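Contents: one structure, followed by commentary.
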Amino acid sequence: MHMRIDGEQSLALRGALPRPASSVDFRMYLAGLLESVIGRGGTVVQSRPVDGRDLADLAANHDLLIVAAGRGELQQVFPRDPARSPFRAAPRVLVGGLFQGVAPPEPPGMSMNMVPGVGEIHAPTFHSFDGRVTAVLIEAVPGGAFQPVTGPEHRDDPELFAKRVLDLITTYAPSLRERVDDTEFGLTRPIDVTQGALVPTVRRGWAEMGEGRHALAIGDAWIVNDPLTAQGANLGSAQAFQVAQALASHRGAFDANFCMALSEKLWETAQPVVDWTNMFLGAPAPQVLSLLTAASSDQRVADAFIANMDDPPAMWHSISMPEHTAAFIEAAQSTRSKQ
């Protein structure tokens, strides 16, 4: 993981992930999972977008309904939890695409350029339909210098979009710019671009569907995180495994008590991710700056910090309070110096 922060002071760090990471185009990955479900005896039904009435019909025919998609009318089924949702507007405007013509960093990994008060530029390597490509995601603070590139409908003019992205990279991410081949840089396909804005939201984790049936929300139906910390899909996956284990061990009705208890258990996993992401969306906290400063000058701290990306509770604990951050830095320096 390569990080660079350009603000009043510029910092750069590189940390090793404790395990190999994988970034696969979801249009391929989820299709493979659906094929696996079918191969194991499951049934996959494709239909128009599901609305509230469809959910009631599905619930009536199943012991428990689990909802993982939160768009459209489904948002009304699980109301917003104001105590856990501090944002009322999107803190970032987003645009991203899959690009060819970008060499991986050395050593290979993903890169992230942060400009406090302006936005972030992510550049992970993805496996997609064209093999290894680079996903460039721009997160623009509303009204800032990044926002103009997020505005137009880019599928109508992919070459213009690529030019605007390259101009932005040239100005704000020179280390990424060095890896771009001007003659090859461009979208892999016109459809390989997405844009929009997300309001980070936590919803109530369950709903009564009538006739004693209930629905449990996971994934985006329950929590929408900004992609800044790259934890959204990972959190949804973690929740799915927890739900599967709970279903396998439960004896009794899947009633309101079951849903409420499981939802609170899932929140124990989700809260560190939500708090960590929300903190990073704001102005850098003093303890975060002290951690990044230490990581930029001490490889032991950098590796420990990046390793925490795979452990949200540990990450949140290390940045939640200044004294925790100071203890984390001291432990990283002392423990690793003995190796």
Side-chain angles (χ1 to χ4, degrees), residues 3 5 7 67-96 112-122 137-151 172 194-207 216-239 263-264 266-289 291-292 308-309 312-313 315-322 324-325:
M3 294 184 66
I5 302 93
V67 184
R71 294 184 179 182
E73 289 188 24
L74 298 185
Q75 295 181 358
Q76 309 307 316
V77 177
F78 305 101
R80 176 178 175 272
D81 185 341
R84 296 171 175 174
S85 305
F87 294 96
R88 298 298 306 211
R92 297 288 189 275
V93 184
L94 311 173
V95 64
M112 179 180 181
N113 290 73
M114 306 174 69
V115 183
V118 179
E120 298 81 27
I121 302 174
H122 307 259
L137 172 64
I138 296 167
E139 298 211 28
V141 174
F146 285 9
Q147 184 161 352
V149 78
T150 69
Y172 292 99
T194 187
Q195 61 190 126
L198 302 174
V199 181
T201 304
V202 179
R203 300 186 177 278
R204 193 175 73 176
W206 61 280
L216 182 73
I218 65 171
D220 288 348
W222 182 34
I223 297 174
V224 174
N225 276 305
D226 188 277
L228 177 61
T229 57
Q231 291 292 323
N234 292 319
L235 177 59
S237 178
Q239 293 167 9
S263 186
E264 286 304 308
L266 293 172
W267 178 244
E268 295 177 9
T269 300
Q271 184 174 7
V273 173
V274 172
D275 291 342
W276 163 26
T277 304
N278 290 348
M279 173 185 275
F280 271 38
L281 286 167
Q287 66 265 30
V288 173
L289 287 177
L291 175 56
L292 295 175
N308 270 357
M309 299 234 174
M315 175 66 85
W316 176 240
H317 184 268
S318 69
I319 63 174
S320 58
M321 290 187 282
H324 291 175
T325 305

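For the single chain, residues carry numbers from 1 onward in sequence order. Fair warning: this is a prediction, and the values are worked out from it, not measured in the lab.
The salt bridge (charged side-chain N to carboxylate O under 4.0 Å, His left out) analysis of residues 268-288, with sequence neighbours excluded, yields the pairs Lys265-Glu268. Listed by first then second residue, pairs satisfying salt bridge (charged side-chain N to carboxylate O under 4.0 Å, His left out) with a partner in residues 194-203 number zero, not counting sequence neighbours. Listed by first and then second residue, the side chain to side chain donor-acceptor pair (under 3.5 Å) pairs involving residues 226-235 are Thr229-Thr277 (not counting sequence neighbours).
Judged as a ring-ring contact (aromatic ring centres under 6.0 Å, His included), and not counting sequence neighbours, the contacts of His317 are His324. With sequence neighbours left out, Glu120 forms a side-chain hydrogen bond (donor to acceptor under 3.5 Å, both in side chains) with Arg92. The side chain to side chain contact (heavy atoms under 4.5 Å, CB included) search around Leu289 returns Pro284, not counting sequence neighbours. Scanning for side-chain hydrogen bond (donor to acceptor under 3.5 Å, both in side chains) contacts around Trp267 gives Gln271, with sequence neighbours left out. Shown here are the side chain to side chain contact (heavy atoms under 4.5 Å, CB included) partners of Ala68, two or more places apart in sequence or in another chain: Ile218. Residues passing the side chain to side chain contact (heavy atoms under 4.5 Å, CB included) test with Pro91 are Phe87, Pro200, Leu281, sequence neighbours excluded. Ser237 is linked by a side-chain hydrogen bond (donor to acceptor under 3.5 Å, both in side chains) to nothing, counting only residues two or more places apart in sequence or in another chain. For Tyr172, the ring-ring contact (aromatic ring centres under 6.0 Å, His included) test picks out Phe146, with sequence neighbours left out. Contacts of Val67 classified as side chain to side chain contact (heavy atoms under 4.5 Å, CB included), with partners at least two apart in sequence or in another chain: Leu55, Leu65, Leu74, Phe78, Ala215, Ala221.
Contact record, Val77 with Ala207: O-CB, 3.6 Å, taken as the closest heavy-atom pair. Closest approach of Arg84 and Val202 over heavy atoms only: O-CG2, 3.5 Å. Heavy atoms only, all atoms of each residue included: Leu94 and Leu137 are closest at CB-CD1, 4.5 Å. The shortest heavy-atom contact between Met279 and Ile319 is CE-O, 3.6 Å. Minimum interatomic distance between Thr201 and Arg80 (heavy atoms only, all atoms of both residues): CG2-CG, 3.9 Å.
The CD atom of Gln287 sits 9.5 Å away from the OG atom of Ser318 when rounded to the nearest 0.5 Å. In this structure, OG1 on Thr269 lies 7.5 Å from CG on Leu235, to the nearest 0.5 angstrom.
Under the 4.5 Å side-chain criterion, counting only non-hydrogen atoms from C-beta, Ile223 is in contact with Val274. You'll find the side chain of Trp222 reaches within 4.5 Å of the side chain of Ser263, heavy atoms only. With a 4.5 Å cut-off on side-chain heavy atoms, Val149 and Val95 count as touching. Side chains of Met315 and Pro272 form no contact here, defined as non-hydrogen atoms less than 4.5 Å apart. At a threshold of 4.5 Å between non-hydrogen side-chain atoms, the residues Val273 and Asn225 count as touching. Side-chain contact between His122 and Leu228: present, with at least one pair of heavy atoms (C-beta onward) separated by less than 4.5 Å.
Gln195 places a side-chain N or O within donor-acceptor distance of the main-chain N or O of Thr150, the cut-off being under 3.5 Å.
Under a 4.0 Å N-O distance rule, the pair Arg204/Glu264 does not qualify as a salt bridge.
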